[in-house]
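I have placed the structure first, in the form of structure tokens, so that the comments after it can refer back to it.
Atom set for the values below is all heavy atoms of this structure, side chains included, hydrogens, waters and symmetry mates excluded.
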Amino acid sequence: MNDILPIILSIVAALAVIGGLIPVLVKTRRNITRYPGTRDANDPEIKSGGSTLVADRPAPAVDRKAPADVDVEDLDTTTVPDDAAGLEVIPVETPLPVAGRLVRLRERLVRSNNIMGKGLLALLSSDKIDENVWDEVEETLLLADLGTEPTMQLVDSLRERVKVLGTRTPDEVKKLLREELVKLVDPTMDRSLNVQRHADKPAVMMVVGVNGVGKTTTVGKLARVLVAEDKDVLLGAADTFRAAAAEQLATWGQRVGVPTVKSDIDGADPASVAYEAVKAGIDQEVDVVMIDTAGRLQNKVGLMDELGKVKRVVEKLAEVDEVLLVLDATTGQNGLNQARVFSEVVNITGIVLTKLDGTAKGGIVVAIQKTLGVPVKLIGLGEGADDLAPFEAEGFVDALLN
């Protein structure tokens, strides 16, 4: 009996240790990134020990309220409280209101050297408007990236109205031109962003585009727009191919107090990151989840297929409410080619035009809308953090003609 007792005690001790480890093992298993039970044929296989996804939240805010007897200018704003030791403190900024942005961006567009409005007004105010003038009007519109079909439509309408009304004065010509341009830009298109939270899930937005158009920066700037509108936002860094893209996005988020879900492994599967971002958004009951996707060439079939897969995987959790295509306004017709391909893969719902300043040609707005049948929803005219604003058809035309 004495020989058996040590064996029994060893077994009991082993069982106790195993019992204590079970909760830890279960918790660890839950943290492994996995897709839902229903898997599409080409969904990636996520194995144990794969990418660990983390939510980067801004460091605890520093209490910078000055004591009554201390000059605010003498305060050390880099001081970190004891409970935030080791964390980088990025001051949380207050984004500019959207209304203020519209005024500022419109003023900048007015000052830009656009060939479209100024050139047309000069031509149509000529003492004699003959066929040569109309040929120059047509050429000016084509050079402004308006596109062949919209150009012919605008020229035909202007010719008819000028002929019937006998209009010659600059003010009359400007009024006619404004009316026709507004029709082409189409103020009736719905340019609102679909960012209203559903009953039990956040609105989900994907942002897509080729490399170099400012996609990640646009996501960061748009986060500022939504925060200015009192939206609770979460970012998903699914651009896992470009070095430091996730860190760049996280920094944009931290500046306005928005968390970012990203992978701690370079080259992680983007669909996995996107999935986890939406899952985190559901768990945290945020209003909007914005997913930054990897830039890709529109002529690379494999990469475009992967973009479609990202969207499909996200939709296992929640509907994708908005797919914004970011385009560089200075690329002209090349941007149109990009737009066509992306729209076939992920059903584009809106366009963001960046760099719509003096080097761009305003007609690209009309051309893209005609090509895709979807509206330009946002425009950017500069490099500043708040240089992104909702697009307004009439305000845009007025800026071109002033």
Spell out, as yes or no, whether a donor-acceptor pair under 3.5 Å connects the side chain of [X] to the backbone of [Y].
| X | Y | answer |
| --- | --- | --- |
| Q369 | V185 | yes |
| T354 | I379 | no |
| S343 | R340 | yes |
| T293 | V207 | yes |
| D130 | V133 | yes |
| R197 | V286 | yes |

Is [Y] close to [X] at the side-chain level, that is, under 4.5 Å between some pair of heavy atoms?
| X | Y | result |
| --- | --- | --- |
| V289 | I291 | yes |
| V258 | W252 | no |
| M290 | M206 | no |
| V273 | T240 | yes |
| L141 | L154 | yes |
| V219 | L249 | yes |
| D287 | V233 | no |
| E394 | R178 | yes |

Pair [X] + [Y], salt bridge at N-O below 4.0 Å:
| X | Y | answer |
| --- | --- | --- |
| E131 | R159 | yes |
| E392 | R191 | no |
| E180 | R161 | yes |
| K175 | E172 | no |
| D387 | K221 | no |
| D328 | K355 | yes |
| E319 | K201 | no |

Problem - Within 6.0 angstrom of E179 CD, more than 12 heavy atoms from elsewhere - result: yes

Measure the spacing between [atom1] of [X] and [atom2] of [Y] and express it to the nearest 0.5 Å.
| X | Y | atom1 | atom2 | answer |
| --- | --- | --- | --- | --- |
| L158 | E138 | CG | CD | 12.0 Å |
| K377 | M189 | NZ | CE | 9.5 Å |
| L234 | K279 | CG | NZ | 12.5 Å |
| T151 | L143 | OG1 | CG | 9.5 Å |
| T140 | L123 | OG1 | CG | 5.0 Å |
| E276 | L317 | CD | CG | 8.5 Å |

Smallest separation among heavy atoms of [X] and [Y], with atom names:
| X | Y | answer |
| --- | --- | --- |
| S272 | D269 | N-OD2, 2.9 Å |
| A280 | V261 | CB-CG2, 3.9 Å |
| D321 | A203 | OD2-CA, 3.2 Å |
| V346 | V323 | O-CG2, 3.7 Å |
| L146 | A367 | O-CB, 3.5 Å |
| V313 | A271 | CG1-O, 3.8 Å |

Problem - Pairing residues for K311 by the salt bridge (charged side-chain N to carboxylate O under 4.0 Å, His left out) criterion, not counting sequence neighbours - result: E315

Exercise for the section: Could you walk me through whether Y275 and V314 pass the side chain to side chain contact (heavy atoms under 4.5 Å, CB included) test, one step at a time? Expected result: CA-CA 5 Å; Y275 177 87; V314 166; 5.6 Å; no

Practice task
Take V162 and L176, measure what side chain to side chain contact (heavy atoms under 4.5 Å, CB included) needs, and give me the verdict at the end.
Solution key: CA-CA 8 Å; V162 167; L176 289 182; 4.3 Å; yes

Exercise for the section: Would you check, one step at a time, whether the test side chain to side chain contact (heavy atoms under 4.5 Å, CB included) holds for L177 with K174? Expected result: CA-CA 5 Å; L177 183 56; K174 184 176 180 179; 5.7 Å; no

Handout entry: Polar contact flag, side-chain donor to acceptor under 3.5 angstrom, E322-T349
Key = yes

Practice task
Test V208 against L324 for side chain to side chain contact (heavy atoms under 4.5 Å, CB included), laying out the working first.
Solution key: CA-CA 6 Å; V208 304; L324 296 179; over 6 Å; no

